[in-house]
Amino acid sequence: MDYRTTLNLLQTEFPMRANLPAREPDFVRWWEENDIYAQVRQARVGAPRWILHDGPPYANGNLHLGQALNKILKDIAIKYKTLRGYDCPYVPGWDTQGLPTELAVQREYGLNRHQVDVLTWRGKCRELALKYVDLQREQFKRLGVRGDWEHPYLTLSPQYQARQVEAFGKIAERGLVYRALRPVYWCYRCETALAEDEVEYATKSSPSIYVAFDLTNAHDFFSSLPAGARARVLIWTTTPWTIPGNTGITLSGGATYVLARSGEDYYLVAEDLLAATAAAAHLGECESVERKRGMDLVGLVAQHPLYDRPSPIALGEHVVLDQGTGAVHTAPGHGLEDYEVAREYGLEIISPLDDYGRFTAEAGSALEGQVCDQANEQVLELLTCAGALLERGEIDHEYPHCWRCHLPVIYRATKQWFMDIEKLRTPALAEIARADWMPSWGEARISGMVEARPDWCISRQRTWGVPIPAFHCTACEQTLTNETIANHVRDLILAHPRGADVWFEKSAEELLPPGTVCPECGGSSFTKEGDIMSVWFDSGVSHYAVLRAHEELGYPADCYLEGDDQYQCWFQTSLWCATALGDPAPFRLVVGHAFFVDETGTKMSKSKGNIIAPQEIQDKYGADVLRLWFTYADFRRKMFCSEAIFEQVADAYRRIRNTLRFLLTNLQDFDPATDSVPVEEMRALDRWALGQTSALVERVTHGFDDWDLHLFYHHLHAFCARELSSFYLDVLKDTLYTDLPDAPARRSAQTALWQILQRLVIMSAPVLTFTAEEAWQQCRRLDPSQPLSVQMADWPVPDPTVADAELMARWDRLMVIREQVMVALEEAKQAGTVKKPLEAHVTLTAAGADLELLREYEAELSPSASPSPSASASPSPGPAPSPSPSPSPLPELFIVSQVRIEEGAGELQVQAQAAEGEKCARCWMVLPEVGSDQEYPDLCPRCAGRVRTLVELGS
RNA sequence: GGGCCAUUAGCUCAGUCGGUUAGAGCGCGCCCCUGAUAAGGGCGAGGUGCGUGGUUCGACUCCACGAUGGCCCA
């Protein structure tokens, strides 16, 4: 007889093979059709809110891995908080304006912005940005990210732009923006100023030149200088083209300088650098004739070698004596430190370059029209003619490059708009101290940056962006901007279907409040400002344009979560804008995550060709595996990427999935409402399992609370592999398969399995968002009273009462004994005395506490030992069902056929040998009693009894 | 060059307050099972705790210097 039909071998619709790439889109659709975002919100009405404010990714191309990580971490946090009972509105956003879009329009549409009118250009930019918003929105949804995707915030929307202009007006009204001539990073190819965070450093080869400037009043400072002798100060620079902008020479006040004779001439250089300079500039034998400290040389004046103008000596903190001559060429229009020195010493600030980097007439007819850094040769020629060039070589050094076109940038003095950081620094630092930072060193990081940050250049010479709402009086050139003007422009933007386009459509008169006159000269004729705001200002006011503007959100946000490059960018710009508006910090907690590196530990970049697209992983393994990978490592440290790691994560996924599948399978004939067993009636084994689950809940909860997301993976996976698969579920198989369906032991086990399953599924939902939903829908078939989606469930709470500490401690020892039994079984297997553990007989020789523990456990009344209620309640008049002893608890625990306990002395001894008796055809245990039942001679008594009962029930 | 951070098994991580023989899962090797089966189980081998000094009765843990790597800045 085939006894398989008498076993509880169940099946589930939860497949072993996930086939995630193909099936995940069905869940995306299902969530959308059921508007799960809204339903989840509805389920949390009235609950405390937890708001994560989305830092807007730039809508420019397919999602890359970093953006996927960022959004998924946010999704995990939001889903976790929701399950914990918070109401978490999530409004995703996009950064849609600025140079990258303009460059993309140029590239993708083959358009040149100078060949079309500004409104056409802006229209193309809008079109392209919206295209990428749609693309990325679909990609985020595909990754399982939940949010209000139908109502995202876009920086190009009239509502956003209006709030941004309003914010600018408030900040201007508070006197915190100013317009000034200042050197800024300038990319003449992109024709725009660049912010500090828009330049990247790369190695560049530059000329290395030594130039002599004749001193005009050296005799007043150096008594040793013979009358009539020529004295010169020697400078070193790597940018010859900035020589035309030279208006001074800076020394270190504390350093010692020497006047050194070389042939007939005398050279002024730092004493410590004399030898190196003499060698580099071919001065030959040098003799130091007089020493002076830098601070005693103020008043000394040099003569510009190319122009008839002075170049006075100044002092600066930035002068260091590690290279060069100790005398620093100072071109205030071409360097920030030079600019600071110029302001202090009243040096002239000139910048003889136009927007395209070409020398203007101010640089002289020999250079006019030439592109600055391509004119180095001409400058060197001029210097040679003037007898001022002592040496020219080459040097490789780190030099700033444009983040967009990756070519070297220049410093150029232009009229720019700045936020006055100096006035905001102290309050900003106070806000940083008030906020929480994760990891905690983020606070020190951003504080250091904020302390050192110069005034923030917020203007850009472009058109795809929000205009700076300012006007210039045509009569007296006075610049006019204030809250009233900004609010008037704001209203016009809000009233226009394409928002800020109105600025470019209308004249200054139409844009200004009627009757505006110049407060300086009373004039009434104005031109409008031509600059737009930096994209960093766009996103920097998102808390004002979004958090404060959406009723369902609020200020400040509970959490900002971005890549740790944002300590320098969005975290800071958001803080500056808030502080400038007089607001507290827009965040209570700031979380920073690291970036990806390849298997060798070097960062991913397009140029290295080691980029992995999130779509690749999603299409090969599924979004859930991608999401699981993001919790595989600690996101606060660099995250390694390699095929081997993906395989490992995919393996881990399968283990978790199969564990869920086993639980679901063995619950198919379980109705939680009617079959559940109260905890106090459950078997110790099952209570132990629930105790372990409770500990897991506690660990995973702590992990999420402390942002140790990787602990989710490690704890969950270890629990599935160790506590469940290799022990609990394995031990349970005999009961689950061979007991009568509603035997108390089996129902006790199923009660535990049901509770474990639910807890695992809910705890997996933030990360394994698709798989948890799939499993949840299976759970709902067993218990239809459950919420529609796992996302509406409640996070489990640890329940230590299911298993007291004493029980757990006894089990700890039992597990150690079990390990010893396994070793003995392995040895017997190797020795050939036992083929497989289930056919073994184990003898334990124990003493003291162990003996007591084993006997106590052995004596525990196993519910299987008593006839099942249905069996005993069976009215069948025939022979009473024979008692069906379960395997006593110890064989069950060790998964062997027979166990004998003997009293001994000393350490526990374990022996394994082949069990005597025949193998039961149904439960596969080897027992001497097999054959004793006349009706079923190939079964053990307990199986015979069960089969008899089943036959009676079936008839 | 400066700031912040990291470094524990092939991989990813644990390790309380400084205290026995440094743990887990995966992977790997050998074996078992075929009633979780494109599954499941057992055993085993893997560590100079980045290096060098120092503090201490005692250091993976604290300190200093250095190496390597990451982010940011110059």
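For the numbers below, each heavy atom of this structure counts, side chains included, while hydrogens, waters and symmetry mates do not. Here is the naming used below: chain letters follow the sequence lines, and residue numbers restart at 1 for every chain.
- Remark: B/G46 base-pairs with no nucleotide; criterion is Watson-Crick or G-U wobble with both hydrogen-bond distances under 3.5 Å.
- Taking atom CD on A/Gln648 and atom C1' on B/G27, their separation rounds to 6 Å, with Å as the unit.
- Taking only side-chain atoms of A/Asp730, from C-beta outward, the nucleotide of B/U34, B/A39, B/G41 with the closest atom is B/G41.
- If you check B/C13, B/A36, B/C72 against the side chain of A/His710, the one that comes closest is B/C13.
- At a threshold of 4.0 angstrom between heavy atoms, the contacts of A/Arg722 are confined to the sugar-phosphate backbone, with no base atom among them.
- Under the 6.0 Å distance and 45° angle rule, A/Arg722 does not count as a cation-pi partner of A/Tyr728.
- Partner assigned to B/U20 is none, using Watson-Crick or G-U wobble distances below 3.5 angstrom.
- The partner of B/G1 is B/C73, judged by Watson-Crick or G-U wobble contacts that both fall below 3.5 Å.
- In this structure, the nucleotide among B/G35, B/C43, B/C73 sitting nearest to the side chain of A/Gln568 is B/C73.
- For A/Tyr632, the listed nucleotide lying nearest its side chain is B/U12; candidates were B/U12, B/C43, B/G41.
- The CH2-C1' distance, from A/Trp536 to B/C72, rounds to 13 Å in whole Å.
- Between A/Tyr936 and A/Tyr3, the ring-plane angle classifies as perpendicular under the 30° and 60° cut-offs.
- To the nearest angstrom, P of B/C73 lies 15 Å from CH2 of A/Trp456.
- Residue A/Ala633 is in sugar-phosphate contact alone, with no base atom involved, counting any heavy-atom pair closer than 4.0 Å across all strands shown.
- When heavy atoms are screened at a 4.0 angstrom cut-off, A/Arg445 is found touching base atoms of the nucleic acid.
- Ring to ring, A/Phe630 and A/Phe635 are not that close: their centroids are 6.0 angstrom or more apart.
- Taking a pair to require two hydrogen-bonding distances under 3.5 Å in either a Watson-Crick or a G-U wobble arrangement, B/C62 pairs with B/G54.
- Here A/Lys836 lies in heavy-atom contact (under 4.0 Å) with sugar-phosphate atoms only.
- If you take CG of A/Asn19 and C1' of B/A38, they are 13 Å apart, rounded to a whole angstrom.
- Base pairing of B/G10 is made with B/C26, judged by Watson-Crick or G-U wobble geometry with both donor-acceptor distances under 3.5 Å.
- Nucleic acid contact class of A/Asp634 (heavy atoms, under 4.0 Å, all strands): sugar-phosphate only.
- Here B/A6 presents its P atom at 20 Å from CZ of A/Phe596, a figure rounded to the nearest Å.
- In this structure, the nucleotide among B/A38, B/C33, B/A14 sitting nearest to the side chain of A/Arg17 is B/A38.
- Taking the O4'-C1'-N9-C4 or O4'-C1'-N1-C2 dihedral as appropriate, B/G70 has a value more than 90° from 0 and is therefore anti.
- Ring geometry for A/Tyr560 versus A/Phe571: interplanar angle of 30 to 60°, hence tilted.
- With both ends at atom P, the span from B/G25 to B/G44 equals 12 Å, rounded to whole Å.
- Interatomic distance, CG of A/Leu626 versus CG of A/Leu69, reported as 8.5 Å (0.5 Å rounding).
- Ring geometry for A/Trp629 versus A/Phe646: interplanar angle over 60°, hence perpendicular rather than tilted (30 to 60°).
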task: For A/Arg657 and A/Asp624, run salt bridge (charged side-chain N to carboxylate O under 4.0 Å, His left out): C-alpha distance rounded to whole Å, both residues' side-chain angles, the deciding distance at 0.1 Å, then the answer.
output: CA-CA 11 Å; A/Arg657 182 179 182 89; A/Asp624 261 6; over 6 Å; no
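- Between B/U7 and B/U52, the distance separating the two C1' atoms is 16 Å to the nearest Å.
- Counting distance only, with no hydrogens placed and no angle test, the side-chain atoms of A/Arg661 and the base atoms of B/A36 include no donor-acceptor pair under 3.5 Å.
- Across all strands shown, A/Ser726 has heavy atoms under 4.0 Å from sugar-phosphate atoms exclusively, and none from any base.
- A/Glu892 and A/Thr735 share a side-chain donor-acceptor pair at under 3.5 Å.
- Proximity note for A/Asp565 (side chain, C-beta onward) versus B/G40, B/G35, B/C72: the nearest is B/C72.
- Taking atom P on both B/G53 and B/U21, the two are 23 Å apart, rounded to the nearest angstrom.
- Here the side chain of A/Trp924 is nearest to one of B/G41, B/U34, B/C72, namely B/U34.
- Counting non-hydrogen atoms under 4.0 angstrom, A/His717 reaches the backbone sugars and phosphates but no base.
- Mapping A/Gln830 and A/Arg654 onto RNA chain B via the closest heavy atom, the residue that lands nearer the 5' end is A/Gln830.
- The interatomic distance linking A/His702 (NE2) with B/C13 (P) rounds to 21 Å, in whole Å.
- Nucleic acid contact class of A/Lys733 (heavy atoms, under 4.0 Å, all strands): base.
- Nucleotide B/U34 has no partner under the Watson-Crick or G-U criteria, as no pair reaches both atom distances under 3.5 Å.
- Among the nucleotides B/G27, B/A39, B/A36, the one closest to any side-chain atom of A/Asp651 is B/G27.
- Of the P atoms belonging to B/G3 and B/G66, the separation is 11 Å, rounded to the nearest Å.
- Across all strands shown, A/Arg699 has no heavy atoms under 4.0 Å from either base or sugar-phosphate atoms.
- Closest to the A/Leu9 side chain, of the nucleotides B/C72, B/G42, B/G35, is B/G35.
- Side-chain nitrogen and oxygen atoms of A/Arg655 include at least one within less than 4.0 Å of the OP1 or OP2 phosphate oxygen of B/G40.
- Distance alone, capped at 3.5 Å, places no donor-acceptor pair between the A/His334 side chain and the A/Arg412 backbone.
- Taking the C1' atom of each, B/G23 and B/A39 are spaced 28 Å apart, rounded to whole Å.
- Rounded to a whole angstrom, the distance from the P atom of B/U16 to that of B/C33 is 43 Å.
- Put simply, CD on A/Glu698 is 18 Å from P on B/U16, counting in whole angstrom units.
- Note on A/Tyr737: a side-chain N or O is less than 4.0 Å away from OP1 or OP2 of B/A36.
- The side chain of A/Ile645 sits closest to B/C11 out of B/C11, B/G40, B/G35.
- Atom pair A/His715:NE2 and B/A14:P shows a separation of 9 Å (rounding to whole Å applied).
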